> 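Structure provided below as structure tokens; questions to follow.
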Amino acid sequence: MKIIVAGGDGFCGWPTALYLSKQGHDVAILDNLVRRKIDDELHSNSVTPIASLEERVAKWKEVTGKEIKTFIGDLNHYDFLTQVFQQFEPDAFVHFAEQRSAPYSMIDRDHAVYTQSNNVIGNLNVLYAIKELAPECHLIKLGTMGEYGTPNIDIEEGYIEIEHKGRKDLLPYPKQPGSFYHLSKVHDSHNIQFACKIWGIRATDLNQGVVYGLHTDETKLDSVLNNRLDYDGVYGTALNRFITQAAIDHDLTVYGSGKQTRAFLNIEDTVRCVEIAAENPADRGEFRVFNQFTEWFSVKELADKVQKVAKEEGIDISSTHLENPRVENEDHYYNAVNTKLRDLGLEPHLLTDEVIRDILRTVIEQKERIIQENVLPSISWK
Ligand code: NAD
Ligand code: USQ
């Protein structure tokens, strides 16, 4: 299958591109490399040193003999996007290429506007490119579990059957996102659903939970194939941040009570979920939604797990309950359905102490790269 991985230079996209290439697909990466520029803007970095995209794909070719084509450009430039579609003629378009940090989207008006225009218009361009140039192409779009928020009822996979005044309908699940970033994903979902309905596009929206880890079998083949690992208060996500904090003897930054619960998955499952979606395409006109996570934890539970493994490794840290910089429910019900990917063959890598230990040891090897001032949260929702 010919697959474009948009955002293929990023944390989820790079290992996915390698995995799909290893599985025998003809893969091309599309990326405008903006994430590397944002590191400069934030005076931050990845814990792991990352090679340039050019070096990465050259090393992949050297190690495996497999070629990954690259298209450097922006989804918001429609002329560029149409050239990519005309040259590569994709069967599937895996869309990771968005600004994905909730705190970044909450810095100020400029960052909120950038996030929503980059994400919503980029995605709309992809929908038009599929309609005009590759109507059979399957859009595999990364959405997020945070689109649903934390309702006081079970979270279903995309749709919920509602009975109202004696009548029933299967309707899109209500969305209550918690940042301008998460809202951009809701706007994307609506645009995709509408495009499926009017143009007969086939699409799968992968509502992914928080991803942890960094290695996959493919990224481990050579240090030039390293994946990035974010730890700062803007792009670092909960578990990866706690592990990085442990590596530098920093108390774990639990926001508020830490009772807030989120769905999680290992990066090794991200790559497999995308493969499952690609190999089982949605029908023409179908807007399919999969909840892409394997387990859920409260933030405090995660901190406790990291604290325990760190202790076994001789690192004695504790959790500090910082004033929560976000506006979010801390005490809430959480029960989310995730059966569709498992029914199609996903075998989850669950969060064991060994998984935490492996990430911790990798981070300890690189700990001199961690910029201490970037660890505490600096962006407030208010
Ligand atoms: P990332 O920031 O590491 O990677 C995104 C990549 O997209 C970067 O390489 C960036 O340069 C590129 N990009 C951004 N805007 C672009 C544009 N307009 N044109 C071309 N390239 C562009 O993010 P990630 O963690 O790999 O996340 C990938 C996707 O998965 C995002 O859509 C995100 O919302 C979603 N997601 C991520 C997580 C997570 O925990 N990391 C969880 C759920 C969903
Ligand atoms: N949190 C802490 N301490 C920290 C960092 C985070 O307590 O040091 C808490 C936050 O308050 C929040 C939870 O952990 O309640 C998750 O925060 P996060 O930064 O790990 O994740 P989030 O902002 O939700 O965003 C990440 C990715 C985003 C993706 C989302 C999936 O950056 O791209 O969409 O996870 S989900 O959360 O399911 O929407």
Side-chain angles (χ1 to χ4, degrees), residues 5-16 29-39 46 53 71-77 80-81 94-106 114-115 117-119 121-123 125-126 141-150 177-179 181-182 184-185 188 206-212 227-228 230-242 244-245 252-265 267 270 291-293 296-300 302-303 319 321-322 324-330 336 375-377 381:
V5 179
D9 189 45
F11 168 64
C12 297
W14 173 242
T16 302
I29 287 176
L30 180 163
D31 203 297
N32 65 355
L33 310 181
V34 67
R35 183 67 192 85
R36 293 175 186 254
K37 292 181 198 125
I38 292 177
D39 273 343
S46 157
L53 181 56
F71 294 100
I72 306 302
D74 195 320
L75 288 184
N76 284 275
H77 299 157
F80 159 74
L81 187 59
V94 181
H95 182 8
F96 288 109
E98 299 206 326
Q99 191 302 98
R100 69 100 173 133
S101 157
Y104 189 85
S105 75
M106 301 301 290
Y114 165 72
T115 300
S117 61
N118 183 64
N119 296 1
I121 296 170
N123 182 63
N125 280 341
V126 173
K141 167 67 170 50
L142 271 291
T144 182
M145 285 300 291
E147 290 183 42
Y148 301 117
T150 50
S179 72
Y181 153 70
H182 286 95
S184 75
K185 296 293 202 186
D188 286 345
L206 296 173
N207 281 345
Q208 184 169 239
V210 187
V211 184
Y212 61 83
N227 197 10
R228 64 174 300 131
D230 294 303
Y231 66 94
D232 59 53
V234 186
Y235 275 88
T237 50
L239 181 65
N240 281 357
R241 254 167 80 62
F242 293 157
T244 311
Q245 291 161 2
L252 308 184
T253 56
V254 172
Y255 298 165
S257 68
K259 287 190 195 161
Q260 59 273 43
T261 298
R262 295 290 181 272
F264 288 82
L265 76 164
I267 186 76
T270 294
N291 289 347
Q292 181 167 313
F293 68 91
W296 60 77
F297 301 101
S298 74
V299 170
K300 182 70 173 66
L302 286 183
S319 300
H321 288 264
L322 300 177
N324 197 334
R326 304 184 182 201
V327 176
E328 61 186 358
N329 283 339
E330 291 176 12
V375 170
L376 286 175
W381 262 226

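Each ligand, and each atom within it, is numbered from 1 in the order the structure gives. Every value quoted in this text rests on a predicted model; they were computed, and no experiment measured them.
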> Give the numbers and elements of all ligand 1 atoms closer than 4.0 Å to a heavy atom of Leu33.
11 (O)
> Side chains of Gln245 and Thr253 only: does a donor on one sit below 3.5 Å from an acceptor on the other?
yes
> Under 4.0 Å, heavy-atom basis, I'd like to know which part of Asp74 is in contact with ligand 1: side chain, backbone, both or neither.
both
> With atom 8 (O) of ligand 2 as the reference point, say which of Leu265, Val327, Thr253 has the nearest heavy atom.
Thr253
> What is the closest protein heavy atom to atom 28 (C) of ligand 2, and at what distance does it sit?
Arg100 O, 3.4 Å
> Suppose we measure from atom 18 (N) of ligand 1 to each protein heavy atom; which comes out shortest, and what is that distance?
Asn118 OD1, 2.7 Å
> Please confirm whether Gly258 comes under 4.0 Å of ligand 2, counting heavy atoms of the residue only.
no
> Where do Asp9 and Arg35 land on the side-chain contact (heavy atoms from CB on, under 4.5 Å) test, with the steps shown first?
CA-CA 8 Å; Asp9 189 45; Arg35 183 67 192 85; over 6 Å; no
> Any nitrogen or oxygen of Thr144, side chain or backbone, less than 3.5 Å from one on ligand 1?
no
> Can you pull out the closest protein heavy atom to atom 38 (O) of ligand 2? Residue, atom name and distance to 0.1 Å, please.
Met145 CB, 3.3 Å
> Counting from 1, what ligand 1 atoms have a heavy atom of Gly73 closer than 4.0 Å?
19 (N), 20 (C)
> So which heavy atom in the protein is nearest atom 26 (O) of ligand 1, and how far is it from that ligand atom?
Cys12 N, 2.7 Å
> Please verify whether a non-hydrogen atom of Phe293 lies at under 4.0 Å from ligand 2.
no
> Under a 4.0 angstrom heavy-atom cut-off, which atoms of ligand 2 come close to Ala238?
14 (O), 18 (P), 20 (O)
> Between Glu98 and Lys141, is a side-chain contact (heavy atoms from CB on, under 4.5 Å) present by the stated rule, with each step listed?
CA-CA 10 Å; Glu98 299 206 326; Lys141 167 67 170 50; 3.6 Å; yes
> Between His182 and ligand 2, which residue portion shows a heavy-atom distance shorter than 4.0 Å: side chain, backbone, both, or neither?
side chain
> With respect to Arg228, determine whether any N or O atom, backbone or side chain, lies less than 3.5 Å from an N or O atom of ligand 1.
no
> For atom 9 (C) of ligand 2, which candidate among Val299, Val211, Asn291 provides the closest heavy atom?
Val299
> Given Gln208, His95, His182, which has its nearest heavy atom closest to atom 36 (N) of ligand 1?
Gln208
> Counting heavy atoms only, which of Phe96, Tyr235, Tyr104, Tyr114 is nearest atom 28 (C) of ligand 1?
Phe96
> Should you measure from each heavy atom of Glu328, which atoms of ligand 2 turn up under 4.0 Å away?
10 (C), 11 (O), 12 (C), 15 (O)
> When you check the side-chain N and O atoms of Asn76 and Asn125, is any donor under 3.5 Å from an acceptor?
no
> Indicate the atoms forming the closest heavy-atom contact of His95 with Ala97, along with that distance.
ND1-N, 3.2 Å
> If you measure every N/O of Val34 against every N/O of ligand 1, is any gap under 3.5 Å?
yes
> If we only count N/O pairs under 3.5 Å, is Ser101 in contact with ligand 2?
no
> Does some non-hydrogen atom of Gln208 fall short of 4.0 Å from ligand 2?
yes
> For ligand 1, is there an N or O atom under 3.5 Å from any N or O atom of Gly10?
yes
> Return the residue, atom name and 0.1 Å-rounded distance of the protein heavy atom closest to atom 42 (C) of ligand 1.
Gly209 O, 3.0 Å
> Considering non-hydrogen atoms of the protein only, which is the closest contact for atom 10 (C) of ligand 1, and what is the distance?
Asp31 OD1, 3.4 Å
> If you measure every N/O of Thr237 against every N/O of ligand 2, is any gap under 3.5 Å?
no
> Among all protein heavy atoms in this structure, tell me which lies nearest to atom 17 (C) of ligand 1, with the distance rounded to 0.1 Å.
Asn32 ND2, 3.4 Å
> As an exercise, identify every atom of ligand 2 less than 4.0 angstrom from a heavy atom of Gly209.
31 (C), 38 (O)
> What about Arg100: any of its N or O atoms under 3.5 Å from an N or O on ligand 1?
yes
> So which heavy atom in the protein is nearest atom 3 (O) of ligand 1, and how far is it from that ligand atom?
Phe11 N, 2.9 Å
> Determine, step by step, whether Lys300 and Glu330 satisfy the salt bridge (Lys or Arg N to Asp or Glu O under 4.0 Å) criterion, reporting the C-alpha distance in whole Å, the side-chain angles of both residues, the deciding distance to 0.1 Å, and the verdict.
CA-CA 11 Å; Lys300 182 70 173 66; Glu330 291 176 12; over 6 Å; no
> Counting heavy atoms only, which part of Asp230 comes closer than 4.0 Å to ligand 1: side chain, backbone, both or neither?
neither
> For Leu75, is at least one N or O under 3.5 Å away from an N or O on ligand 1?
yes
> Suppose I only count heavy atoms of Lys185 and a 4.0 Å limit; which atoms of ligand 1 are within that range?
31 (C), 32 (O), 33 (C), 34 (O)
